[in-house]
Colleague: 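After the structure tokens below, expect a handful of questions from me.
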Amino acid sequence: MDFSILAEAFDRMTKTSSRTELTAILVEVLKKTPKSLVSKVSYLTQGKLFPDFLGIEIGMAEKTVSKAIGKAYSFEADRIQELFRKTGDLGDVAAELSSKKSQQRLSSGKLTVESVYSTLEEIAKTSGSGSSVVRVNKLAMLLDSASSLEAKFLVRFVTGKLRLGVADFTVLDALAVTFTDDKKNRDKLENAYNLTSDLGYVADLLANKGLKAIGAVRVTASKPVRPMLAERMETAELIISQMNHEAAAEYKLDGERVQAHKVRSGEVTLFSRRLEQITDQYRDVVEGLGSLPAKEFIVEGEVVAIDWEGKYLPFQELMHRRRKYDLDAAMKNYPVVLNLFDVLLVDSHEVIEEPYEKRRAVLEKLFEGAKTKNNMMLVPAKKVKDASEIDALMEVSLASGCEGLVVKNLESSYKAGARGYAWIKYKPEYRPGVRDTIDLVVVGANHGMGRRAGVYGAFLLAAYDDEADVFRTTTKVGTGFSDADLEKISRELDAHKTKEKSPRVDAKVEAEVWFEPKVVMEIIASEITLSPIYTAGLDQIRQGAGFALRFPKFTGKIRDDKAPEDSTTVKELMEMYQKQVRQLKKEELETAES
Ligand code: ATP
């Protein structure tokens, strides 16, 4: 398959933000793709070579890529960097130099998807001394045979800036249409994807074995399962009635969610909430996990930092463990404990479909049988039948340093990748009249002035619209940041700068700098209001107005455990707005009565 088919499709994709159009282009491409390449094409359109959980990234630095461009087009790397500074897009620089060179070139080799993929794979897997030269040479070889358009997308790909805006669900839609002629089958594909977190695998299975094979997909140790998520509710009364007056209430620990997989060879791998490998970060919990009495398993828990007396510490303390070097020292100085709360698989028995009570029993048995319980505990759980029991447990949980409770439906199976009322989170912030935190994605910023010169001073934030798969703006925030916060956040955002507003961002207001939606910030605000300048929930409550936040303030938490698609959704903003209206009405009534 010619790589030009893909490059041309990528080019069309960068020019649209409509999900329907993106899907249609993808369907066209998939129809032209030989079945053996469907998985590779699915990964490539997402700027990847493998599923994220394998942790194999190509990530070439712009400087290294400049060297490869220089080599391919006989140009000095320094001048390439200069052009890059001017245009802000190394892909465009490569395209321009390539078109100049092709006028002099006698012949150009045709690139195929197979050859591009395998060279990129080699680049990704080359490591050790001398690897930089090898990587430069391999990329230069590809660029030498590439057309101008192909060069543009190759360079964007290797620098991690492909940015086609093709989310997982768009690929699933396109796969359903291409191979089953019916978009409704996307649900079946989504289920298989939720169990394996591997789009390429699902694509390959569908293309080569059909829908029946998709229905037979099961959880597998080593492939992370997309996490089950909780809805929030504001009072214990509402929760217990939603649960039909019987549920299990567990402490909601304030740490990092971890999914642990043990395979038959004995190896234990830890995945984050975003399903990235984080085994090295928490080596100290691996020993206990390895001693659970099972040859293979998938369990879930929350890693929490503890002090020397074993008391829980807040989430921020875990930041000390987010590093690549001096891991041993970090492990010693910042101890953690893994608090197990679920089990999905034990020794080829899938327990994911079992009700909560059964899973909890399996988990307890597993835990009891562990040879060492170092750095490992079971999350405290208690059966509750009325609101007062929930509120009483809430007090105990808060006193022991937890955030609140997660109340769980006794009969529910583990719903991979779904947010629903089978798990309900309950925090003091949700109670009426108290402000709740919101996780929003940074999509733009303005430069700081005065003391804040050199960093960004205000950020444009957006909520996720999960139906349209875009990010819609809802506020600007400039308070709550320390100087160190601003420095750190600005540098992190610089890596995601874009020349123009990303096609996945829906904004009416202007920003001096735009970013790819990547960084998730926790915000607190006094109220949700309506404003004509924001696009989240536009026209839903009032024509021409969207949701805005009053007195927004950064809480100090960058939620790097959350993907942008995990941020607060427009739907959730709507629920919060409605809750606020209910509360106001109640207060008005109370004032009128008194
Ligand atoms: P939050 O921002 O409240 O942490 P979230 O979007 O990360 O929420 P939710 O599913 O909405 O995830 O809330 C549940 C989260 O709470 C889990 O992702 C997990 O990290 C954490 N947690 C802590 N204790 C528990 C528990 N006992 N059971 C399930 N999840 C728990």
Side-chain angles (χ1 to χ4, degrees), residues 194 224-234 239 247-260 270-275 278 282 299-305 312-316 318 336-344 356 359-360 363-364 367 377-384 390 393-394 396-398 400-410 412 414-430 436-441 463-464 466 520-524 555-569 571-573 575-576:
N194 284 336
V225 178
R226 300 197 0 110
M228 173 165 181
L229 299 171
E231 281 286 352
R232 56 178 97 192
M233 278 189 133
E234 52 202 86
I239 297 174
E250 295 185 353
Y251 286 7
K252 184 175 195 308
L253 294 129
D254 186 17
E256 175 163 17
R257 184 171 188 160
V258 162
Q259 196 176 91
L270 307 181
F271 296 102
S272 69
R273 184 190 187 289
R274 303 180 63 168
L275 311 179
I278 47 168
Y282 299 120
V299 292
E300 264 196 338
E302 186 94 349
V303 170
V304 186
Y312 293 136
L313 295 172
F315 169 82
Q316 276 91 337
L318 284 179
V336 298
V337 62
L338 171 65
N339 301 269
L340 296 171
F341 59 72
D342 221 318
V343 55
L344 314 184
Y356 167 86
R359 297 202 311 281
R360 176 79 192 189
L363 184 66
E364 283 174 8
F367 180 74
M377 280 168 58
L378 272 183
V379 169
K382 188 174 180 274
K383 268 218 187 139
V384 285
I390 294 183
L393 197 68
M394 171 75 124
V396 189
S397 139
L398 295 178
S400 49
C402 297
E403 283 188 304
L405 301 176
V406 184
V407 184
K408 300 183 173 177
N409 186 318
L410 299 175
S412 171
Y414 185 98
K415 309 239 183 283
R419 193 183 285 285
Y421 287 94
W423 284 9
I424 300 175
K425 53 182 175 176
Y426 181 40
K427 295 207 259 181
E429 295 97 298
Y430 304 162
D436 192 3
T437 58
I438 304 176
D439 299 321
L440 297 172
V441 184
Y464 182 51
D466 55 344
V520 181
M521 225 179 232
E522 191 181 81
I523 296 295
I524 195 139
T555 64
K557 268 192 196 176
I558 286 292
R559 292 293 308 255
D560 42 16
D561 60 326
K562 284 197 167 184
E565 291 81 7
D566 298 325
S567 57
T568 300
T569 58
K571 238 183 266 157
E572 286 175 295
L573 282 183
E575 282 163 16
M576 288 179 207

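Note that ligands are numbered from 1 as they come in the structure, with each ligand's atoms numbered from 1 the same way. Nothing fancy with the numbering, it's 1 onward along the sequence.
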Colleague: Exactly which residues line ligand 1, taking a heavy atom under 4.0 Å from it as the test?
Modeller: Leu229, Ala230, Glu250, Tyr251, Lys252, Leu253, Arg257, Arg273, Glu302, Phe341, Val379, Val406, Lys408, Arg419, Trp423, Lys425, Lys427, Asp439, Arg559, Lys562

Colleague: By side-chain hydrogen bond (donor to acceptor under 3.5 Å, both in side chains), which residues pair with Tyr414, not counting sequence neighbours?
Modeller: Arg257, Glu300

Colleague: Of all residues at least two apart in sequence or in a different chain, which pass the salt bridge (Lys or Arg N to Asp or Glu O under 4.0 Å) check with Glu231?
Modeller: none

Colleague: Less than 4.0 Å between a side-chain N and a carboxylate O, is that true for Arg274 and Asp561?
Modeller: no

Colleague: Using a strict threshold of under 4.0 Å (side-chain N to carboxylate O), is an ion pair present between Glu250 and Arg360?
Modeller: yes

Colleague: Of the options Arg273, Arg419, Arg559, which is the one that meets Asp566 in a salt bridge (charged side-chain N to carboxylate O under 4.0 Å, His left out)?
Modeller: Arg273

Colleague: List in chain and number order the residues that pass salt bridge (Lys or Arg N to Asp or Glu O under 4.0 Å) with Lys383, two or more places apart in sequence or in another chain; answer none if no residue qualifies.
Modeller: Glu357

